[in-house]
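Right, one structure below, let's go through it.
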Amino acid sequence: LQENAKEEITSVDSMENLEKIRVKYLGKKGELTEVLRGMGSLSPEERPKIGKVANEVREMVESLLEEAKKAMKSKALEQQLEKEAIDITMPGKDVRLGKKHPLTQSMDELKNIFIGMGFKVAEGPEVETVYYNFDALNAAANHPSRDMSDTFYINKDVILRTQTSPVQVRVMERVKPPIRIISPGRCFRNDTPDATHSPMFHQLEGLVIDKGITLADLKGTLEVFAKEFLGSHTEIKFRPHYFPFTEPSAEVDASCFKCGGDGCSFCKGSGWIELLGAGMVHPNVLRNCGIDPEIYSGFAFGMGIDRLTMLKYGIDDIRLFFENDLRFLKQF
Ligand code: PHE
């Protein structure tokens, strides 16, 4: 029986036939199964002997079947590989990779710089209320920026935000100090588009509130930011300014005269360029948000992402960002 099985298995030519052989010997009505079934009618002396032999034969047949199966599989694989051989001399497919928009790249870079200093990213709505965009930020009732000619009104209480500063208020209302957030996003102003104006543009807001925060903390934070974003030689300078929601307020400029070759080509090595607006959060704003200005103080800043990106890459027209011309976008 073993010999027969061996011969049949070694000459088998397909998986189906191999299965037939298995059934023939080991199946329910298989030859070996019959033998094992007939054991009951054997004498007690014969039973263990025959049983042993029968089991050996079964093991043998099983392992022969297993081997034949393996051999057949690997042969099939080989044949398949031969048939499907890859022609490595064929020309490849042209894979075109997309790129991040230069503004997105800037935003990612800015986020990384501030996240590195321990800031969290906060978000606020682009369709904002007059309360959050102006009133809570201490803007006088007759402040010119409230005018229809500057701000897009949805109705008398609802506008498209003109700055990211309302996110300051939303965060302070919700979060107890210490607060350390940045908030990048779209802003809208009723401006006629030209090389330096777009009715939709981007700002990045920063806000820090804690006990004992001073102007020195603001200066240190912005200095680290400027050196990382514009190059390690960069110096910054504070110019007095006015914002309703900060006191004192400043416009902050970056130096362009000390170019060491790491990234200040944008201002051609001369003078100062305006970077951003900043200041110490006005006590009225803190009070509007339920924070006691006798206990807490803080600073805020806001920068134009489009403007900074234009400076950094030497782009001379803000409208290029929003035309989606691939010849422009591909350069970054
Ligand atoms: N929101 C101001 C602007 O749009 C910038 C700013 C933000 C100034 C925070 C001071 C503090 O010009």
Side-chain angles (χ1 to χ4, degrees), residues 1-123 174-176 178 180-185 228 324 326 329-332:
L1 197 142
Q2 186 176 328
E3 285 309 308
N4 284 346
K6 196 168 181 175
E7 211 181 298
E8 281 184 48
I9 290 169
T10 41
S11 61
V12 82
D13 58 351
S14 74
M15 281 288 187
E16 293 98 81
N17 286 340
L18 197 65
E19 175 61 11
K20 274 184 198 148
I21 296 170
R22 191 191 67 77
V23 173
K24 179 173 170 204
Y25 290 100
L26 305 177
K28 266 193 184 140
K29 291 177 185 153
E31 289 179 21
L32 196 62
T33 317
E34 293 287 291
V35 172
L36 287 166
R37 201 171 285 147
M39 296 272 291
S41 59
L42 293 173
S43 68
E45 301 92 68
E46 274 176 321
R47 213 176 286 157
K49 280 190 213 149
I50 302 287
K52 190 161 168 258
V53 173
N55 270 325
E56 273 167 14
V57 171
R58 188 180 48 121
E59 266 163 41
M60 187 69 195
V61 172
E62 268 172 3
S63 79
L64 280 172
L65 282 167
E66 200 51 44
E67 262 168 49
K69 211 170 169 180
K70 259 193 216 148
M72 219 172 280
K73 265 193 193 156
S74 74
K75 201 166 145 208
L77 183 65
E78 239 164 70
Q79 280 173 346
Q80 193 186 8
L81 284 177
E82 220 160 273
K83 219 170 38 202
E84 295 175 0
I86 294 166
D87 179 359
I88 56 167
T89 63
M90 291 242 292
K93 273 188 199 143
D94 185 8
V95 180
R96 289 182 197 215
L97 284 184
K99 281 192 177 177
K100 283 190 184 171
H101 192 283
L103 288 176
T104 309
Q105 289 185 34
S106 272
M107 245 184 268
D108 287 350
E109 195 183 339
L110 292 169
K111 277 192 234 170
N112 278 336
I113 291 172
F114 285 105
I115 287 169
M117 287 193 264
F119 284 74
K120 292 255 175 334
V121 178
E123 274 185 55
R174 211 177 54 223
V175 184
K176 277 213 183 88
R180 211 188 293 158
I181 58 107
I182 52 164
S183 187
E228 288 206 30
N324 286 333
L326 285 177
L329 295 175
K330 267 186 190 162
Q331 296 176 49
F332 304 96

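Computed from a predicted structure; not experimentally measured.
From E62, atom CD reaches atom OH of Y25 across 14.5 Å, with rounding to the nearest 0.5 Å. L64 CG to I9 CD1: the interatomic distance, rounded to the nearest 0.5 Å, is 4.5 Å. Rounded to the nearest 0.5 Å, atoms CG (L110) and CD1 (I115) are 10.5 Å apart. From Q79, atom CD reaches atom CG of L77 across 10.0 Å, with rounding to the nearest 0.5 Å. Distance OG/S183 to NZ/K111: 10.0 Å, rounded to 0.5 Å. Atom OG of S106 sits about 10.0 Å away from atom NE2 of H101, to the nearest 0.5 Å.
With sequence neighbours excluded, the residues that form a side-chain hydrogen bond (donor to acceptor under 3.5 Å, both in side chains) with K24 are E8. With sequence neighbours excluded, no residue forms a side-chain contact (heavy atoms from CB on, under 4.5 Å) with E7. By the side-chain contact (heavy atoms from CB on, under 4.5 Å) test, S11 pairs with no residue at all, sequence neighbours left out.
Looking only at side-chain heavy atoms (C-beta outward), V57 and V35 stay at 4.5 Å or farther from each other. When side chains are defined from C-beta on, R58 counts as touching N55, because their heavy atoms get closer than 4.5 Å. No side-chain heavy atom of K99 sits under 4.5 Å from any side-chain heavy atom of L329. Side chains of R22 and E19 form a contact here, defined as non-hydrogen atoms less than 4.5 Å apart.
Heavy-atom neighbours of E123 CD from other residues, nucleotides or ligands within 6.0 Å: at or below the threshold of 12. Within 6.0 Å of CD1 on I86 lie no more than 12 heavy atoms contributed by other residues, nucleotides or ligands.
Between E67 and K70 there is no salt bridge, since no side-chain N of the basic residue sits under 4.0 Å from a carboxylate O of the acidic one.
For the pair M72 and M15, the tightest heavy-atom approach, listed with the atom from each and the gap, is SD-N, 3.5 Å.
Checked by atom type and distance alone, the side chain of T33 never pairs as donor or acceptor with a backbone atom of K29 at under 3.5 Å.
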